[in-house]
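Model, not experiment: these values are computed from the prediction. Hydrogens, waters and symmetry mates are skipped; everything else that's a heavy atom, side chains included, is used.
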Amino acid sequence: MIITACIVVLLQGAAPASAQGDGSEVGLDDNDYSITANVRFNNEPVQDVRIVVSGGGYEAEALTNERGQVRVGVPTTDGYDVLIDEETLPEGVAVEGENTQSVAFGSQFFAPANFFLGEDVRETASFLSQFVERLMNGINFGLMLALASIGLSLIFGTTGLTNFAHAEMVTFGAIFALWMVMIDLPILVAIVLAVIASGIFGWLFDASLWRPLRRRGIGLVQMMILTIGFSLALRYIFLMLIGGGTTQLPGSGGVKHQIIGPIQLSTIDMVSMGLSLLVLLAVSYWLLRTRIGKATRAVADNRQLAAASGINVERVTRIVWVIGGALAGLSGVLWAYFRPGIKWDMGMQILLLIFAAVVLGGLGTAFGALVGSLVIGILVEVSTLWIPSDIKYVGALGVLVIVLLVRPQGLLGRRERVG
């Protein structure tokens, strides 16, 4: 049994606003051109199939109506990618080949793209294989999350500041790497420059704003509210700079390789996990063995006592902001590969998970943030065996609430006397 989904690009004016009531017509008021898609099954229309049109920084989506049609407005006559979301197809049906095709406006003002769909013949994997696959994804996600969480935890430990703008520091690293790639730099060079730029961004963030506010004795609550404002401002600056679409870094995706038994990892996965481990080991060595690392732990433990003992607290704080920014930037690049794709609000998508990891591990403890990140990352991915992937983050936050009810100080935190 074969289904043909014929995607036809038409050069035509937008329909009136009154025609856009069922979600099958999108962006027609604001654009002069449109893409029309028809999806039929056994010559019968298929409703509620999700069609995504993207290209040139523009992206829009719509669901097929009762006639199996969608109409998506586009701003130019450039080429576009048209994607059929396989998860919205009827049960037992899948795309034969790629589920994305490119279309362009030709001399006839249309270009068809045919998607051939047939019976979905799936190889049923055992529960153990699925568990191992999600466990490895969880470890990879947890290590990436740990980079951002440790930076946030160090900043909180040394300054007491809850920095909601940390999400934008994550996004900045990914966007800077994208800019470097756009000027034809190799991706490895782009990543190194993105980490350096993120560290400088963290230093500027502290030097231009937080250090003057600390000297003026501004309270932590007021400063926390400021971080929320800066988070919103930076997010929409990123939107103006890169647009609302999703952009891929070179090498995203890739074929998975059989490692051991049911364990399959792509080259990007292996590089991401290896790089995260190396950086986390380096941060651990810095905290435990170097003089400035020991001073950082002393400031995090008791800022006033550290200052009284001769430690230059402000210098330690500046270094922590640089390291926190660099770790957030690297985490952003790895998150762009894991998602995959770079988007203007990508950091905000994992901000609650970063906070959850820091609180779960113990506020202000770098190693607690590492443990909390691994727990959250594994739980988020493994939980999809039992719950829909759309709500997997909710499960992680639920476990956070339960753990804090049992152990309020977090897994590696210390009990503190109140009152």
*Asks:* Do you know the tightest heavy-atom contact between Ser198 and Gly173?
*Replies:* OG-CA, 3.5 Å
*Asks:* For Ile191 and Met180: C-alpha separation, side-chain torsions, deciding distance, then whether side chain to side chain contact (heavy atoms under 4.5 Å, CB included) applies.
*Replies:* CA-CA 8 Å; Ile191 293 174; Met180 295 300 99; over 6 Å; no
*Asks:* Any non-hydrogen side-chain atom of Val313 less than 4.5 Å from a side-chain atom of Arg303?
*Replies:* yes
*Asks:* Check the angle between the aromatic planes of Trp210 and Trp321 and answer parallel, tilted or perpendicular using the 30° and 60° thresholds.
*Replies:* parallel
*Asks:* Just how far is it from atom CG of Leu143 to atom CD1 of Ile378, taken to the nearest 0.5 Å?
*Replies:* 8.5 Å
*Asks:* Would Arg214 and Thr159 count as having a side-chain donor-acceptor pair, cut-off 3.5 Å?
*Replies:* no
*Asks:* Of all heavy-atom pairs between Pro212 and Asp206, which one has the smallest distance, and what is that distance?
*Replies:* CD-O, 3.9 Å
*Asks:* Taking atom CD1 of Ile139 and atom CE of Met136, what is their separation to the nearest 0.5 Å?
*Replies:* 5.0 Å
*Asks:* Taking His166 for its side chain and Ala148 for its backbone only, find out whether a donor-acceptor pair lies under 3.5 Å.
*Replies:* yes
*Asks:* If you measure from CG on Leu370 to CZ on Phe367, what distance do you get to the nearest 0.5 Å?
*Replies:* 8.0 Å
*Asks:* State the CD-CG distance between Gln47 and Asn65, to the nearest 0.5 angstrom.
*Replies:* 7.0 Å
*Asks:* Nearest 0.5 Å, please: how far is CD1 in Ile391 from OG1 in Thr384?
*Replies:* 11.0 Å
*Asks:* With the side chain counted from C-beta on, respond yes when Val52 and Asp85 share a heavy-atom pair under 4.5 Å apart, and no when they do not.
*Replies:* no
*Asks:* Less than 4.5 Å apart, side chain to side chain, heavy atoms only: is that true for Phe238 and Asp345?
*Replies:* no
*Asks:* Short question: side chain of Ser276, backbone of Met273 - any donor-acceptor pair under 3.5 Å?
*Replies:* no
*Asks:* Would the distance check show the side chain of Ser383 and the main-chain N or O of Leu379 forming a donor-acceptor pair, the cut-off being under 3.5 Å?
*Replies:* yes
*Asks:* Is any side-chain heavy atom of Leu213 closer than 4.5 Å to a side-chain heavy atom of Leu226?
*Replies:* yes
*Asks:* At their closest point, which heavy atom of Arg134 faces which heavy atom of Glu381, and how far apart are they?
*Replies:* O-CB, 3.4 Å
*Asks:* Assess whether atom OH of Tyr393 is packed by more than 12 heavy atoms of other residues, nucleotides or ligands within 6.0 Å.
*Replies:* yes
*Asks:* Set out, in order, the CA-CA distance, both residues' side-chain angles and the distance that settles side chain to side chain contact (heavy atoms under 4.5 Å, CB included) for Leu152 and Phe355, then state yes or no.
*Replies:* CA-CA 8 Å; Leu152 180 65; Phe355 276 118; 3.7 Å; yes
*Asks:* Is the shortest heavy-atom distance from the side chain of Val49 to the side chain of Leu63 under 4.5 Å?
*Replies:* no
*Asks:* Rounded at 0.5 Å granularity, tell me how far NZ in Lys392 sits from CG in Leu385.
*Replies:* 11.5 Å
*Asks:* Take Met182 and Leu178, measure what side chain to side chain contact (heavy atoms under 4.5 Å, CB included) needs, and give me the verdict at the end.
*Replies:* CA-CA 6 Å; Met182 290 173 64; Leu178 175 64; 4.0 Å; yes
*Asks:* To check you understand the geometry: which heavy-atom pair defines the closest contact between Ala369 and Ser153, and what is its length?
*Replies:* CB-CB, 3.9 Å
*Asks:* Would you say the side chain of Thr158 lies within less than 4.5 Å of the side chain of Leu154, judging by non-hydrogen atoms?
*Replies:* no
*Asks:* Quick one: are Phe230 and Phe164 in side-chain contact, heavy atoms under 4.5 Å?
*Replies:* no
*Asks:* So Phe176 and Phe172, would you call those rings parallel, tilted or perpendicular, with 30° and 60° as cut-offs?
*Replies:* tilted
*Asks:* Could you tell me whether the side chain of Arg216 and the main chain of Ile218 form a donor-acceptor pair under 3.5 Å?
*Replies:* no
*Asks:* Mark yes or no for whether Trp335, through its side chain, and Met346, through its backbone, hold a donor-acceptor pair below 3.5 Å.
*Replies:* yes
*Asks:* Examine distances only and state if a side-chain atom of Thr171 and a backbone atom of Gly347 form a donor-acceptor pair shorter than 3.5 Å.
*Replies:* yes
*Asks:* Does atom CH2 of Trp179 have more than 12 heavy-atom neighbours from other groups under 6.0 Å away?
*Replies:* yes
*Asks:* Any sub-3.5 Å donor-acceptor pair from Thr88's side-chain atoms to Arg50's backbone N or O?
*Replies:* yes
*Asks:* Please report the closest heavy-atom contact between Met144 and Leu334, naming both atoms and the distance.
*Replies:* CG-CB, 3.7 Å
*Asks:* Test your reading of the model: is there a side-chain donor-acceptor pair from Tyr337 to the backbone of Asp269, 3.5 Å cut-off?
*Replies:* no
*Asks:* Is a side-chain donor or acceptor of Thr64 paired with a backbone partner of Gln69 at a separation under 3.5 angstrom?
*Replies:* no
*Asks:* Under a 4.0 Å N-O cut-off, is there an ion pair linking Glu168 with Arg235?
*Replies:* yes
*Asks:* Might you work through the side chain to side chain contact (heavy atoms under 4.5 Å, CB included) test for Thr247 and Ile242, ending with a clear yes or no?
*Replies:* CA-CA 9 Å; Thr247 308; Ile242 67 172; over 6 Å; no
*Asks:* Locate the shortest heavy-atom distance separating Gly160 from Leu220; write the atom from each residue and the value.
*Replies:* O-CD1, 3.6 Å
*Asks:* So do the side chains of Ile84 and Ile51 get within less than 4.5 Å of each other, counting heavy atoms only?
*Replies:* yes
